[in-house]
Amino acid sequence: MRNRERERSVAATMEPENELIAQRREKLEALRKKGIEPFGCAFETSGSIGEVRNKFKEGEIMRAAGRITAHRDMGKSHFVDLRDATGRMQIYLHEKEVGAEAMEIFKLLDLGDFIGVEGTCFLTKTGEPTLKAHKFEVLAKSLRPPPEKWHGLQDVEARYRQRYVDLVANEQSLETFQKRIAMVREVRRFLEDRGFLEVETPMLQAVAGGAAAQPFSTHHKALGLDLYLRIAPELYLKRLMVGGFNKVFELNRNFRNEGISRKHNPEFTMLEIYQAYANFEKMADLMEELICHLAERICGSLKIEHRDADGNVTRTIDLKRPWRRARYMDLVGEVAGNDWFELTGEERRFRAAKELKLEIIPQLADFEVTQHVFEKLVEEKTFDPLFVTHCPKELVPLAKQNKTDPALVDVYELIINGVEMSPGYTELNDPDAQRQRLLEQAGEETQKIDEDFLLALEHGMPPAGGLGLGIDRLAMMLTGAESIRDVVLFPLLKPKRD
RNA sequence: GGGUCGGUAGCUCAAUCGGUAGAGCAGCGCCCUUUUAAGGCGUUGGUUCCGGGUUCGAGUCCCGGCCGACCCA
């Protein structure tokens with residue numbers, strides 16, 4: 001009694017109830033009146049639905065549990081689809097098998113409810129593997145109706161806000177996330193097989209270093225200490241190099257307090273790898289190998305096809321090795337004229353604006369004008385893999401300068417699918433040069449100097465290669481997602497208010 | 001931050017020039033013992049995102065706001 005009263009008051013505090021929800025609540029009560037607890041307990045299964053389907057053998061008894069996603073009512077016999085993330089299994093229900101009482105309970109079930117079934121495997125006329133139920137249990141009642149069965153959940157906002165509904169209603173969305181999960185698993189296997197150790201370094205940092213980005217700030221009460229969520233793990237992974245770890249990686253979240261776009265979520269997943277005694281070229285080889293491995297494992301091919309909603313191929317990315325490697329200056333020359341670097345700053349601005357039709361705001365430094373040309377005319381137009389090497393040092397303060405041209409750094413920037421996918425460096429391990437470079441950059445980028453990191457370098461860091469890989473962007477490339485929000489389970493949105 | 005587009009039943013979508021808000025699915029009732037987007041007959045369901053304004057009359061036009069998508073910065 002008391003329970004029921006509490007339930008009513010819970011219901012009453014929520015939004016005005018619609019008829020469909022009210023009906024489901026009535027069924028909930030009706031089940032309880034029959035002595036059935038609609039939010040059941042543990043149910044022994046023969047495995048996930050996918051596993052039951054694999055083990056399926058005519059005549060054998062199996063137990064499966066899942067969500068009811070379809071009901072085909074033939075009068076005395078009923079067909080029900082049971083689903084979980086591993087697949088679908090058809091259940092056949094008939095009064096002869098389960099008894100009249102169970103059929104009364106079955107009438108109180110809805111699409112979206114969870115049940116557990118024990119039944120005999122058989123094939124229908126059309127050859128569909130089916131469990132002929134002899135008993136079933138109610139495992140959980142769903143109080144809200146599922147989306148339309150054919151179109152699924154289309155509303156983009158609802159798909160992000162209620163991803164759990166999206167995953168149930170849209171098979172394509174489920175596939176995308178399963179691919180992402182497989183990708184992350186394969187990255188770990190690949191690196192472990194090659195002797196890399198996975199490490200965990202601080203996400204709360206007193207100085208947010210390792211990249212030029214706005215951090216999120218927070219506060220530790222007990223220490224009275226302002227802290228930042230990390231924008232990169234780089235400086236801690238390098239401390240581990242100092243500590244004697246020669247091959248390490250970290251695969252986890254970074255946070256950047258900046259704009260949200262098709263390519264940016266404030267929290268995103270990054271892989272960083274460091275290898276002692278390597279250089280950027282060795283890291284490029286490793287990256288090539290890793291991404292090809294992932295493509296083969298997840299997509300079964302090095303040719304990745306992106307399709308639109310109608311299934312037409314909109315883009316094909318060819319990952320066939322070896323991947324092109326070209327110098328930054330040569331690539332800019334290809335699109336902006338081979339004399340680009342002989343021009344004065346003024347001439348470059350003029351050409352970029354007038355001939356190349358780019359918007360050049362006056363605040364840009366000279367190297368930023370060139371970088372803008374690079375981003376618009378090279379990066380955004382390059383879909384097959386391209387390693388851009390020997391970038392200007394202003395762009396990369398943590399990499400080693402080139403021996404023959406100190407204006408350049410020994411790095412690659414890997415572009416695939418029109419976006420920067422992975423940077424790789426020959427890491428700077430000279431503490432004095434590192435301090436100088438950070439000071440040069442700190443002026444404009446408000447990057448504070450991490451003195452403890454410099455202290456670590458003074459203890460000696462072996463020469464090393466390092467790389468980063470944007471896992472979200474890689475997932476977009478491998479799944480054909482147009483937006484990062486389609487590969488992040490719960491992307492950041494403004495809360496909905498009344 | 002700026003621009004463009006969008007928000008209609010639980011879901012997917014209609015609604016002509018400003019003139020009674022509709023359909024399919026889901027739900028509910030009935031028929032049907034191998035269906036699979038099951039089928040047939042009937043039927044319920046609306047704060048048209050929110051707040052103002054114009055008008056005899058607003059889902060539609062105007063202003064403001066909220067949320068989202070895309071583009072730009």
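A quick note: this is a predicted structure, and the numbers were derived from the prediction, not measured. Chain identifiers are assigned alphabetically (A, B, ...) following the order of the sequence lines, protein sequences preceding nucleic acid strands; residue numbering begins at 1 within each chain.
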Give me the residues of residues 160-178 of chain A where at least one heavy atom lies under 4.0 Å from an atom of RNA chain B, by number, or none. Tyr160(A), Arg161(A)
When you measure from every atom of RNA chain B, which of residues 101-111 of chain A have a heavy atom less than 4.0 Å away? Leu111(A)
According to side chain to side chain donor-acceptor pair (under 3.5 Å), who are the partners of Asp366(A), at least two apart in sequence or on a separate chain? Arg349(A)
Using side chain to side chain donor-acceptor pair (under 3.5 Å) as the criterion, list what pairs up with Tyr228(A), not counting sequence neighbours. none
Rounded to whole Å, please give me the gap between [atom1] in [X] and [atom2] in [N].
{"X": "Arg262(A)", "N": "A73(B)", "atom1": "CZ", "atom2": "P", "answer": "14 Å"}
{"X": "Glu128(A)", "N": "U35(B)", "atom1": "CD", "atom2": "C1'", "answer": "9 Å"}
{"X": "Ile21(A)", "N": "A26(B)", "atom1": "CD1", "atom2": "P", "answer": "18 Å"}
{"X": "Glu58(A)", "N": "U34(B)", "atom1": "CD", "atom2": "P", "answer": "18 Å"}
{"X": "Asp73(A)", "N": "C41(B)", "atom1": "CG", "atom2": "P", "answer": "16 Å"}
{"X": "Ile360(A)", "N": "C72(B)", "atom1": "CD1", "atom2": "P", "answer": "14 Å"}
{"X": "Ile91(A)", "N": "U33(B)", "atom1": "CD1", "atom2": "P", "answer": "21 Å"}

Euclidean distance for C1', U33(B) against A21(B) (whole angstrom): 42 Å
Quiz item: Gln90(A) side-chain donor-acceptor pair to U35(B) base, under 3.5 Å: yes
Give a yes or no on whether a donor-acceptor pair under 3.5 Å exists between the nucleobase atoms of U35(B), that is its base, and the side chain of Thr124(A). yes
Just checking, any donor-acceptor pair under 3.5 angstrom between side chains of Glu148(A) and His151(A)? yes
Give a yes-or-no answer on whether the side chains of Arg324(A) and Thr382(A) include a donor-acceptor pair shorter than 3.5 Å. no
If you pin His71(A) and Ser483(A) to their nearest nucleotides in RNA chain B, which one's is more 5'? His71(A)
Side chain of Glu359(A) - closest among C32(B), U34(B), A73(B): A73(B)
Given G68(B), U34(B), C70(B), identify the nucleotide with an atom nearest to the side chain of Leu493(A). G68(B)
Would you please name every residue forming a side chain to side chain contact (heavy atoms under 4.5 Å, CB included) with Ser173(A), sequence neighbours left out? Arg159(A), Arg163(A), Asp166(A), Leu167(A), Asn170(A), Phe177(A)
Show your working on salt bridge (Lys or Arg N to Asp or Glu O under 4.0 Å) between Glu359(A) and Lys376(A) and close with a plain yes or no. CA-CA 10 Å; Glu359(A) 248 182 84; Lys376(A) 289 289 161 192; over 6 Å; no
Might you work through the salt bridge (Lys or Arg N to Asp or Glu O under 4.0 Å) test for Asp81(A) and Lys149(A), ending with a clear yes or no? CA-CA 12 Å; Asp81(A) 285 351; Lys149(A) 64 183 171 187; over 6 Å; no
Looking at every non-hydrogen atom in both residues, tell me the closest pair between Arg230(A) and Arg253(A) and how far apart they are. NE-O, 3.0 Å
Kindly give the atom pairs (protein nitrogen or oxygen, nucleotide nitrogen or oxygen) under 3.5 Å for nucleotides 7-13 of chain B.
residue : atom : partner   : partner atom : Å
G10(B)  : O4'  : Asn18(A)  : ND2          : 3.4
C11(B)  : O2'  : Glu148(A) : N            : 2.9
C11(B)  : O2'  : Gly152(A) : O            : 3.3
U12(B)  : OP1  : Gln154(A) : N            : 2.9
U12(B)  : OP1  : Asp155(A) : N            : 2.9

Contact under 4.0 Å: Arg72(A) side-chain N or O vs G39(B) OP1/OP2: no
Is Arg485(A) near enough to A69(B) that one of its side-chain N or O atoms lies under 4.0 angstrom from OP1 or OP2? yes
Go through Glu157(A) and Arg161(A) one step at a time and tell me if the salt bridge (Lys or Arg N to Asp or Glu O under 4.0 Å) criterion holds. CA-CA 6 Å; Glu157(A) 188 177 349; Arg161(A) 285 193 199 280; 3.0 Å; yes
Under-4.0 Å salt bridge between Lys27(A) and Asp113(A): no
Output yes when Arg315(A) and Glu305(A) qualify as a salt bridge under the 4.0 Å nitrogen-oxygen rule, no when they do not. no
Is the cationic atom of Arg63(A) (NZ for Lys, CZ for Arg) positioned less than 6.0 Å from the six-membered ring centroid of Phe43(A) and within 45 degrees of its normal? yes
